[in-house]
Amino acid sequence: MSATDAPAADERILRASPLRKLLGRPELGSVVGAIAVFLFFAFAADSFLRASSLSTVLYASSTIGIMAVPVALLMIGGEFDLSAGVMVTSSALLSSMFSYQMTANVWVGVGVSLLVTLALGAFNGFMLSRTRLPSFIITLGTYLMLIGMNLGFTKLIDDTVSTKSIADMEGFTSAKAVFASTVTLGGVDFKITILWWIVLVALASWVLLRTRAGNWIFAVGGNQDAARAVGVPVTKTRIGLYMGVALGAWISGQHLLFSYDVVQSGEGVGNELIYIIAAVIGGCLITGGYGSAVGSAVGALIFGMTSKGIVFAEWNPDWFKFFLGAMLLLATLLNAWVRKRAEATK
């Protein structure tokens, strides 16, 4: 057989160039943005590069990142959850009030909170699948109900808008060590939430890239009808994604409770938008089917660097929302450009 008669290589097994792989990563735009933000504040704020300052930045990023990770997975699956911010507060209130009213070990309240919070997530996923209403409507309803329940139950049980102190109850010290402790490394204090954040990013990345469930998430977000036609369990995938958001809300809620001992019933309103912004900055598409857990972590890091960088630079914090909005627009445009470049190289 002559060289001209040799069969052409199957394009499905052709190796992609490093450049093509790089341009195809959803988090590329956010990484470029994170480097730019870091360099900007490194020059704008003298104290930004101090170890203690970077620890503060990581802590601020982790409190957003813990929720941004499951929210990103949900967005890859093509859905939203507007109740995510308030659910954090609901989780904390449940743990505190159950433990206090039942005079039980704090861990009992933590366990009850986990079960109820996961049930709330399952409720969102179940209602979405059964009613076929947009997730915006379903979770907006849950959002409003939780706001009312948080305030109503707290006033009914505690006669005030905040919970009673549980600092002297059995199990509080060990629970605080798990959810709100501080670890000292090299003379610098790091909050335990940073470790929670790293673990969640690693777990979510493994699920997305190494498991069948990850394929299902991308398939449902890309085209749910086509996914259903090839046997993807769309309903179970959706419910699982909403329960993932609930798990993140539970972890964040316990950190909130054991950091401050008491919880204000009105906290958490508006935070759901911050989680979505972090995911979008990290490369997730509003339309679903595209994104990564690592990207959401980078988006949260950009948020943390900006929020604390403004403080370190001694600027007026009133400008923070302006910078946040500008970052959202720039990141979206950069992500769109990166995707076009990736498609052009194929």
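More than 12 heavy atoms of other residues, nucleotides or ligands shown are found within 6.0 angstrom of CE on M145. Within a 6.0 Å radius of CZ in R228, other residues, nucleotides and ligands contribute more than 12 heavy atoms. Taking a 6.0 Å sphere around CD of E170, one finds it holds 12 or fewer heavy atoms contributed by other residues, nucleotides or ligands. The neighbour count for D189 CG, taken as heavy atoms of other residues, nucleotides or ligands under 6.0 Å away, is above 12.
Formation of a donor-acceptor pair under 3.5 Å by the S55 side chain with backbone atoms of A51 is not found in this model. Side-chain N or O atoms of T139 include none that pairs as donor or acceptor with a backbone N or O of S83 at under 3.5 Å. Panel note: side chain S205, backbone V201; a donor-acceptor pair is recorded below 3.5 Å. The main-chain N or O of V263 is found under 3.5 Å from a side-chain atom of T163 such that the two form a donor-acceptor pair. With T63 contributing its side chain and A60 its backbone, the two residues share a donor-acceptor pair below 3.5 Å. Between the side chain of S307 and the backbone N or O of G304, at least one donor-acceptor pair lies under 3.5 Å. The backbone N or O of L49 sits nowhere less than 3.5 Å from a side-chain atom of S53 that would complete a donor-acceptor pair. At least one donor-acceptor pair closer than 3.5 Å links the side chain of E272 to the backbone N or O of G270.
Each ring-ring contact (aromatic ring centres under 6.0 Å, His included) pair with one or both residues in residues 184-218, not counting sequence neighbours, appears once here: F179-W196. Judged as a ring-ring contact (aromatic ring centres under 6.0 Å, His included), the pairs with a partner in residues 42-97 (not counting sequence neighbours) are, in order, F38-F48, F41-F48, Y59-H255.
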Might you work through the side-chain contact (heavy atoms from CB on, under 4.5 Å) test for I277 and F303, ending with a clear yes or no?
-> CA-CA 9 Å; I277 289 172; F303 182 96; 5.6 Å; no
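Scored by the side-chain hydrogen bond (donor to acceptor under 3.5 Å, both in side chains) test, N223 finds no partners at all (sequence neighbours excluded). A search for side-chain hydrogen bond (donor to acceptor under 3.5 Å, both in side chains) contacts involving T89 returns nothing, not counting sequence neighbours. Residues passing the side-chain hydrogen bond (donor to acceptor under 3.5 Å, both in side chains) test with S61, sequence neighbours excluded: none.
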Distance-only donor-acceptor hits, side chain of residues 279-286, under 3.5 Å, sequence neighbours excluded:
none

